[in-house]
Protein chains: 2
Amino acid sequence: MTFQKRKKEILQLLQRLGEADIRLIAGHLNISEVTVRRDLNLLAAENLLHRTHGGAMRVDPYVDSSTYQNKSDINKTAKDKICRKAAEEIQEGDVIFMDCGSTVFNLCQYIKHKKIKVITNSLPVVIELQNSAATINMIGGEVNQKNQAVHGKMAVAHIKKYHATKAFLGIDGITAEGLYANSELEASNTQAMASQSEKTFLLCDSGKVGKKAYLRFAEVNLVHTLITNQDGEEINQLKEKGVQVIIVN
Amino acid sequence: MTFQKRKKEILQLLQRLGEADIRLIAGHLNISEVTVRRDLNLLAAENLLHRTHGGAMRVDPYVDSSTYQNKSDINKTAKDKICRKAAEEIQEGDVIFMDCGSTVFNLCQYIKHKKIKVITNSLPVVIELQNSAATINMIGGEVNQKNQAVHGKMAVAHIKKYHATKAFLGIDGITAEGLYANSELEASNTQAMASQSEKTFLLCDSGKVGKKAYLRFAEVNLVHTLITNQDGEEINQLKEKGVQVIIVN
DNA sequence: TCAATTTTGATTATATTTGATCAAATATGT
DNA sequence: ACATATTTGATCAAATATAATCAAAATTGA
């Protein structure tokens, strides 16, 4: 029973039941509870399920879409801390890019009162900041139903027309070898935003650090500062490559 | 029974009953009253319900700041009828423009199941059609907080890149002398959409027909068909000018 | 095949959640 | 306004879940 196989089974199980506790999953797949816990944490890091105390719940696009993510997720606090720190870097008058990751979305709550300009391809971000002090610039193009964001050539062309002081970006994986994404569309978007801003911040919870994904699309020096919630060997290597790192606790 | 599960149940219960006291909730979910109290406080902090002494009340969804939903009064039925008729004009495979009027917004409910492409500058339209069969193309640019739509040069440039089979537009006033808008931004948007589509429908309740507004920005023949809810002298003049008119009752 | 690496599972210390109890705060009825 | 009843928030102990550590098992690469 490999991880791939278990991943499929767990997601299938959740699809059927809506929710499941560790014991149930362990029994169902004939694996230990420790392994289930490990798997659930990995899947939660990919936003494929909501981790709860003692189990997991299915991600319902219809229910969760309005808020983008369950506010009671178990690892929400790490993201919150990362974003609170990120918000400290934003000054009045800044023009910032925000992309469509779930961590970046959490930044919204900390910048609502700031008089800044926000350029984003994320629909949830736009909705969240609708009645804030910030001026919103929505990047145009076809809306991807799954991640509720706009990607593609039109989007990149739109981004190229603007210049920002700071960019706050998410990502699917980062190692000393480079930045990883799960799709070329997201990668090109990330790259465009980074290239059009003076300073680039990467907001990553520890689940993404040291992890590789489908596509390695850039060197780590595309970003200036990584804000994350856990120190480690990988972090040291990133520092050696010249990436500034802020660890929050 | 995790917090996530209880959260869902409690909100569901409140949705049904409108309000509920601690004892009722505790009994219903088979948990202690202390826990209910804790949960209610957490949910209240997220603004998902109103905490009362001894229980909680549902927070009424979408009493949104601006015009759209709660403008639902007398002329709502007229708008509905107009939109139902307009929806009949839309076939599978169509590419349509929708602008940001409140009448046009009502069209959403009648096209959710249609396999079409929708290009719009209206945020409420995008949100409403988020999980529909339609493909959404959001027009990019700065979001106007007041009417929750995107206007301006970027928007017009975006529109010019697309070609639609039909456009469904609102307006602030129409007489035989021309079309009227309350702002130049909206006018240029309307004009751009009309010029990029094969057929243009104007959706107007009777309050707009025969009414003039700040800016006369185009001749009536910019539109092919007017769908409205009341016949009259003005309508006849429009017909004479070559505008097709559909009256709904 | 064998050594090296990764993955898994048992164990244990740590952290979280829950419900009981009780003093303080708030509502209610006269 | 007062006394009574109810609700609340705080503290604590028990139950439960978790992360961390380490050894065993499985997988991989030479």
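The structure presented is a predicted model; accordingly, all values stated were derived computationally and were not measured. Just so we're on the same page: letters track the sequence lines, and every chain starts at 1.
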Would you tell me whether A:H163 and A:E198 have side-chain atoms, one donor and one acceptor, within less than 3.5 Å of each other?
yes

Without hydrogens or angle criteria, can the side chains of A:D80 and A:Q109 be said to hold a donor-acceptor pair below 3.5 Å?
yes

Pair A:L49-A:R58, side-chain contact (heavy atoms from CB on, under 4.5 Å): steps then yes or no
CA-CA 5 Å; A:L49 50 77; A:R58 168 182 58 196; over 6 Å; no

Rounded distance (Å) that lies between atom [atom2] of [N] and atom [atom1] of [X]:
| X | N | atom1 | atom2 | value |
| --- | --- | --- | --- | --- |
| A:I31 | D:dA25 | CD1 | C1' | 15 Å |
| A:F3 | C:dT8 | CZ | P | 9 Å |
| A:K5 | C:dT7 | NZ | C1' | 18 Å |
| A:K7 | C:dT7 | NZ | C1' | 17 Å |
| A:K212 | C:dT6 | NZ | P | 11 Å |
| B:D39 | D:dT7 | CG | P | 17 Å |
| A:E33 | C:dT11 | CD | C1' | 13 Å |
| A:Q4 | C:dT7 | CD | C1' | 13 Å |

Tell me whether the side-chain N/O atoms of [X] come closer than 4.0 Å to OP1 or OP2 in [N].
| X | N | answer |
| --- | --- | --- |
| B:T35 | C:dG19 | yes |
| B:S32 | C:dT18 | no |
| A:R23 | D:dA17 | yes |
| B:R38 | D:dT8 | no |
| A:R51 | D:dT18 | yes |
| A:N41 | D:dA19 | yes |
| A:R37 | C:dG9 | no |

Decide yes or no for B:R51 and B:L43: does some side-chain heavy atom of the first lie under 4.5 Å from some side-chain heavy atom of the second?
no

Are any of the side-chain nitrogens in A:K7 or A:E46 under 4.0 Å away from the carboxylate oxygens of its partner?
yes

Heavy atoms from C-beta onward define the side chain here; which of D:dA17, C:dT21, C:dA27 lies closest to that of B:H53?
C:dA27

